[in-house]
Chemist: 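Have a look at this one before I ask anything.
FYI, side chains are in, hydrogens and waters are out, and symmetry mates aren't considered; it's all heavy atoms of this structure. These numbers come from a predicted model, not from an experiment.
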Amino acid sequence: MTTWTIAPEPYDSPVAAALWRAYYTEVSDRWYLLHEGHRTGPAELEREIAARTGAELAPPTGELLVARYGGEPAGSAGVRLLDPDTAELTRVFLSPHTRGRGGAAPLVRAAEEAARALGARRMILDTRTDLVEARTLYARLGYTETERHNEDPYAEHWFTKDLSRASVPADAPARNRTARR
């Protein structure tokens, strides 16, 4: 059995940078292919990746989690406090070759745990219509669609989850724990 592990990672580590590049390339290409019929241009891709360093995911008000599958970096999720009670879930990503292997739910649950550790009682996030898999995952994990909470020009759906009432099942993988799949 191959295992998933999830642990904090510095936002500026080589592992985090590689996962950010993979994530951004995928979501940007999906948008451009859907709306303009081509992939993201190389110059734009490099400019946007460099512009969004992820510094907001650094302690003490944020955290980046990296999921590893069989010891290899395979995904990420970021959490940042927006105010003392509200955290934002961002950069949720699993490498295509690891999707469908049970890593997404433990990764989001670990991010929820990280948000609680930062003091948040509510998690919010945004996503797009074409990211159907993400919307399905969030709904399955108890997130409810809500009103717009930001001005991101690419956001089309906004979700929230009350973390003060949500409990993590004892058998749910969490940060620094291992899940077998």
Chemist: Please list, chain by chain and in numerical order, all residues satisfying side-chain hydrogen bond (donor to acceptor under 3.5 Å, both in side chains) with Ser13, sequence neighbours excluded.
Modeler: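 Once residues adjacent in sequence are excluded, the partners of Ser13 under the side-chain hydrogen bond (donor to acceptor under 3.5 Å, both in side chains) criterion are Glu9.
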Chemist: Which residues pass the salt bridge (Lys or Arg N to Asp or Glu O under 4.0 Å) test with Asp12, sequence neighbours left out?
Modeler: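 Per chain and number, Asp12 pairs via salt bridge (Lys or Arg N to Asp or Glu O under 4.0 Å) with no residue.
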Chemist: Of all the heavy-atom pairs spanning Arg68 and Val66, show the shortest one and how long it is.
Modeler: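 Looks like NH1-CG1, 3.5 Å.
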Chemist: Should His157 and Tyr143 count as side-chain neighbours, where that means a heavy-atom distance under 4.5 Å?
Modeler: no
Chemist: If two hydrophobic side chains count as joined below 4.5 Å and joins carry through other members, does Leu131 share a cluster with Leu19?
Modeler: yes
Chemist: Got a sec, which residues hit ring-ring contact (aromatic ring centres under 6.0 Å, His included) with His38, two or more places apart in sequence or on another chain?
Modeler: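 His38 satisfies ring-ring contact (aromatic ring centres under 6.0 Å, His included) with Tyr32 once adjacent residues are dropped.
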Chemist: Output all residues satisfying ring-ring contact (aromatic ring centres under 6.0 Å, His included) with Tyr24, sequence neighbours left out; order by chain, then residue number.
Modeler: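 Result, ring-ring contact (aromatic ring centres under 6.0 Å, His included) vs Tyr24: Trp20.
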Chemist: Are Phe159 and Leu81 joined in one hydrophobic group, where the rule is that I, L, V, M, F, W and Y side chains link up if heavy atoms are under 4.5 Å apart?
Modeler: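 Shared cluster, yes.
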Chemist: List the residues meeting side chain to side chain contact (heavy atoms under 4.5 Å, CB included) with Ile124, not counting sequence neighbours, and say none if there are none.
Modeler: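 With neighbours one apart ignored, the set is Leu82, Thr86, Glu88, Arg122, His149, Thr160.
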Chemist: Under the side-chain contact (heavy atoms from CB on, under 4.5 Å) rule, what do Trp4 and Leu94 come out as? Steps first, then yes or no, please.
Modeler: CA-CA 12 Å; Trp4 284 98; Leu94 284 181; 3.7 Å; yes
Chemist: Tell me every residue that passes side-chain hydrogen bond (donor to acceptor under 3.5 Å, both in side chains) with Glu156, counting only those two or more places apart in sequence or in another chain.
Modeler: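 With neighbours one apart ignored, the set is Thr129.
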Chemist: Roughly how far, to the nearest 0.5 Å, is the OH atom of Tyr23 from the CZ atom of Arg52?
Modeler: 8.5 Å
Chemist: Looking at side-chain heavy atoms only, is the closest gap between Leu65 and Ser76 below 4.5 Å?
Modeler: no
Chemist: To the nearest 0.5 Å, what is the distance between CZ (Phe93) and OG1 (Thr98)?
Modeler: 7.5 Å
Chemist: For Ala50, what residues pass the side chain to side chain contact (heavy atoms under 4.5 Å, CB included) criterion, not counting sequence neighbours?
Modeler: none
Chemist: What distance do Arg121 atom CZ and Asp83 atom CG have between them, rounded to the nearest 0.5 Å?
Modeler: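 Spacing of CZ (Arg121) from CG (Asp83) equals 10.0 Å.
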Chemist: Do Leu137 and Val27 land in one hydrophobic cluster if side-chain heavy atoms of ILVMFWY residues count as linked below 4.5 Å?
Modeler: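 Not linked; separate clusters.
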Chemist: Under a 4.5 Å cut-off applied to non-hydrogen side-chain atoms, are Arg91 and Leu57 in contact?
Modeler: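 Touching, per the 4.5 Å side-chain cut-off.
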Chemist: Test of understanding: with side-chain hydrogen bond (donor to acceptor under 3.5 Å, both in side chains), list the residues that count as partners of Asp29, not counting sequence neighbours.
Modeler: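 Applying side-chain hydrogen bond (donor to acceptor under 3.5 Å, both in side chains) to Asp29 gives Arg39, Thr40.
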Chemist: side-chain hydrogen bond (donor to acceptor under 3.5 Å, both in side chains) with Arg99: which residues, sequence neighbours excluded?
Modeler: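 Partners of Arg99 under the side-chain hydrogen bond (donor to acceptor under 3.5 Å, both in side chains) test: Glu26.
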Chemist: Please report the shortest heavy-atom distance between Leu107 and Gly75, naming the atom on each side.
Modeler: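 What the structure gives for the nearest pair is CD2-C, 4.4 Å.
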Chemist: Does anything in residues 133-142 pair up under salt bridge (charged side-chain N to carboxylate O under 4.0 Å, His left out), and if so which pairs, sequence neighbours excluded?
Modeler: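 Pairs touching residues 133-142 that pass the test: Arg30-Glu133.
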Chemist: Would you name the heavy atoms of Leu118 and Pro60 that are closest together and state the gap between them?
Modeler: CD2-O, 3.2 Å
Chemist: Can you name the residues that form a salt bridge (Lys or Arg N to Asp or Glu O under 4.0 Å) with Glu44, not counting sequence neighbours?
Modeler: none
Chemist: Looking at CG of Asp126 and OG1 of Thr146, how far apart are the two atoms once the value is rounded to the nearest 0.5 Å?
Modeler: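 If I round to the nearest 0.5 Å, the distance is 12.0 Å.
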Chemist: How long is the gap from CD on Glu112 to CG on Leu163, to the nearest 0.5 Å?
Modeler: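 It is 6.0 Å, given to the nearest 0.5 Å.
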Chemist: Is the closest side-chain heavy-atom distance between Asn150 and Trp158 below 4.5 Å?
Modeler: yes
Chemist: Mind listing the closest non-hydrogen atom pair of Arg101 and His97 along with its distance?
Modeler: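 Looks like NE-O, 3.2 Å.
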Chemist: Look up atom OH in Tyr69 and atom OG1 in Thr3, then write down how far apart they are to the nearest 0.5 Å.
Modeler: 8.5 Å
Chemist: Which residues pass the side chain to side chain contact (heavy atoms under 4.5 Å, CB included) test with Val92, sequence neighbours left out?
Modeler: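 Side chain to side chain contact (heavy atoms under 4.5 Å, CB included) check on Val92 returns Ala77, Leu89, Val108, Tyr138.
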